[in-house]
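The structure appears below as structure tokens.
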Amino acid sequence: MSRFVALGAGAVLAAAGVTACGGGDSSGAAGNPYGLAQAGVLRAGTLTDAPPNVYLKDGKFTGFDNDLLTAVAGKLGLTVEFVGTDFSALLSQVNNHKFDVGSSSITITEARKKTVDFGNGYDFGYFGLDVPAGSPITGFDQLAGKRVVVVQGTVQDDYATGKQLDPVRVPDYNGAINQLKAGTADAWIAPAEIGEKSAADSNGKITVAAKQLSPAPTAYAVARGSDKLREALNKGLDEVIADGTWSRLQAQYYPGRPIPADFKPGSGTASAVPSASAAS
């Protein structure tokens, strides 16, 4: 049902974008300077099930990443059309231009740079370790020989593979959550914020055992060679950092989460305006 809602929502937004632009078939550089599939509309591939980062609520795509992208696109005079997909397919779909951009807390890695280009980092993240309630597991160093679930293609998948854990791979976050609830997995290595939200919503069936800082920032992905679009997104990101939008969304979606002292969003030249509601 979520997928149909997602596609339906995308169709509505696409129609709105065409109306706003007076037609989306302009292929000239002046009418479509960023080489978008439809002039004036930024088609974004995202997920439906990963709160608070990216998710579908009441038929609308939201979450920190998606709300930030909408703000960035607004600085460029673009409408965003969000479409739900699986993370395992997202990067290839971006590179073959099914989507203009990928929005899903995508951690920058050297391996992924072989498939897509990345804008400047807009967020940091932690790995979380979710376990069934009552589990004796309390840390990442206790996973050898355990049945560990990860979402396929994520940096958590890379981490588990690098640690030779032979993880069980599932296509989406709901699949990982269901494995924990059913007792068919001993642990789930997750993005920490998503893992914490999932545990809070599990009615006591799942707990967070540990978390650790992820090794690289997250960024929006574009097709390789899409330099004008990438540069425009970087410019828009710096603008929403400078006007306080980035800090406001941080406080809204990650209340109380400390920001590492050495993390600078965007180009690093824009000073983030502290949100009045942000926790210190």
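Quick note: numbers below take in every heavy atom, side chains included, and nothing from hydrogens, waters or symmetry partners.
K146 contributes atom NZ, which lies 7.5 Å from atom OG of S135 (distance to the nearest 0.5 angstrom). Taking OG1 of T207 as the start and CD of E196 as the end, the distance is 11.5 Å to the nearest 0.5 Å. Between R112 atom CZ and T107 atom OG1 the span is 5.5 Å, to the nearest 0.5 Å. Atom CD of residue Q38 and atom CD of residue E81 lie 7.0 Å apart, to the nearest 0.5 angstrom. In this structure, CG on D117 lies 6.5 Å from CG on D227, to the nearest 0.5 angstrom. Summarising the geometry, atom OG belonging to S88 is positioned 10.0 Å from atom CG belonging to D157; distances are rounded to the nearest 0.5 Å.
The aromatic rings of Y55 and Y253 sit perpendicular, their planes meeting at an angle over 60°, well past the 30° parallel limit. In this pair, W246 and F64 present their aromatic rings perpendicular. The plane angle is above 60°, beyond the 30 to 60° band. The aromatic rings of F140 and F127 sit tilted relative to each other, their planes meeting at an angle between 30° and 60°.
In terms of heavy atoms, E193 sits closest to P52 at O-CD, 3.6 Å. Counting all heavy atoms, side chain and backbone alike, L90 lies closest to S104 at CD2-CB, 3.8 Å. Of all heavy-atom pairs spanning V131 and A187, the tightest one is CG1-CB, 4.0 Å. The minimum heavy-atom distance between A221 and V116, with the atom names listed, is CB-CG2, 3.9 Å. Shortest non-hydrogen contact noted between P132 and A185 is CG-O, 3.7 Å. Heavy atoms only, all atoms of each residue included: G266 and L237 are closest at CA-CD2, 3.7 Å.
K163 is not listed as a side-chain neighbour of L143, based on a closest heavy-atom distance of 4.5 Å or more. Residues T62 and D67 are in side-chain contact: their nearest non-hydrogen atoms beyond the backbone lie under 4.5 Å apart. Y220 places none of its side-chain heavy atoms less than 4.5 Å from the side chain of D100. Using a 4.5 Å cut-off on side-chain heavy atoms (C-beta onward), T70 and F82 make contact. Residues Y122 and L69 are not in side-chain contact: their nearest non-hydrogen atoms beyond the backbone lie 4.5 Å or more apart. Counting only heavy atoms from C-beta outward, the side chains of I108 and K113 approach each other to under 4.5 Å. For the pair L180 and K205, the minimum side-chain heavy-atom distance is 4.5 Å or more. F61 places none of its side-chain heavy atoms less than 4.5 Å from the side chain of V80.
The number of heavy atoms from other shown groups lying within 6.0 Å of NZ (K211) is above 12. In the displayed structure, K75 atom NZ is contacted under 6.0 Å by more than 12 heavy atoms of other residues, nucleotides or ligands. Summarising the local packing, CG of N203 is surrounded by 12 or fewer heavy atoms from other residues, nucleotides or ligands at distances under 6.0 Å. Open room surrounds CG on D166; 12 or fewer heavy atoms of other groups in view lie less than 6.0 Å from it.
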Worked check of side chain to side chain contact (heavy atoms under 4.5 Å, CB included) between K197 and Y173:
CA-CA 11 Å; K197 180 69 164 57; Y173 293 106; over 6 Å; no

Salt bridge (Lys or Arg N to Asp or Glu O under 4.0 Å) between K235 and E239, intermediate numbers included
CA-CA 6 Å; K235 178 177 180 292; E239 291 180 11; 2.6 Å; yes

Take V54 and S103, measure what side chain to side chain contact (heavy atoms under 4.5 Å, CB included) needs, and give me the verdict at the end.
CA-CA 8 Å; V54 287; S103 172; 4.2 Å; yes

Tell me, with the steps shown, if V72 and T245 meet side chain to side chain contact (heavy atoms under 4.5 Å, CB included).
CA-CA 9 Å; V72 169; T245 300; over 6 Å; no

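Of the residues listed (T218, D65, L91), the one engaging I106 in a side chain to side chain contact (heavy atoms under 4.5 Å, CB included) is L91, and it is the only one. Of the candidates N120, L78, D238, L42, L233 forms a side chain to side chain contact (heavy atoms under 4.5 Å, CB included) with just one, namely L42.
Proximity of a side-chain donor or acceptor of T161 to a complementary backbone N or O of D158 within less than 3.5 Å is not detected. Side chain of Q252 to backbone of R248: no donor-acceptor contact under 3.5 angstrom is found. Side chain of N95 to main chain of R224: a donor-acceptor pair is present (N/O by atom type, distance under 3.5 Å, no hydrogens or angles). Side-chain atoms of D186 do not come within 3.5 Å of backbone N or O of V148 as any donor-acceptor pair.
The same ILVMFWY cluster, assembled from side-chain heavy atoms under 4.5 Å apart, contains both L249 and L76. Note on I189: it does not cluster hydrophobically with F87, by side-chain heavy-atom contacts below 4.5 Å among ILVMFWY residues. Using a 4.5 Å cut-off between side-chain heavy atoms of Ile, Leu, Val, Met, Phe, Trp and Tyr, with links allowed through other members, Y126 and Y254 fall into the same hydrophobic cluster. Clustering ILVMFWY residues whenever any of their side-chain heavy atoms sit less than 4.5 angstrom apart, transitively, puts I259 in the very cluster that holds I241. The cluster map of Ile, Leu, Val, Met, Phe, Trp and Tyr, joined by side-chain heavy atoms under 4.5 Å apart, puts V150 and I206 in different clusters.
Classification of E231 and K228 as a salt-bridged pair fails, no side-chain N sitting under 4.0 Å from a carboxylate O.
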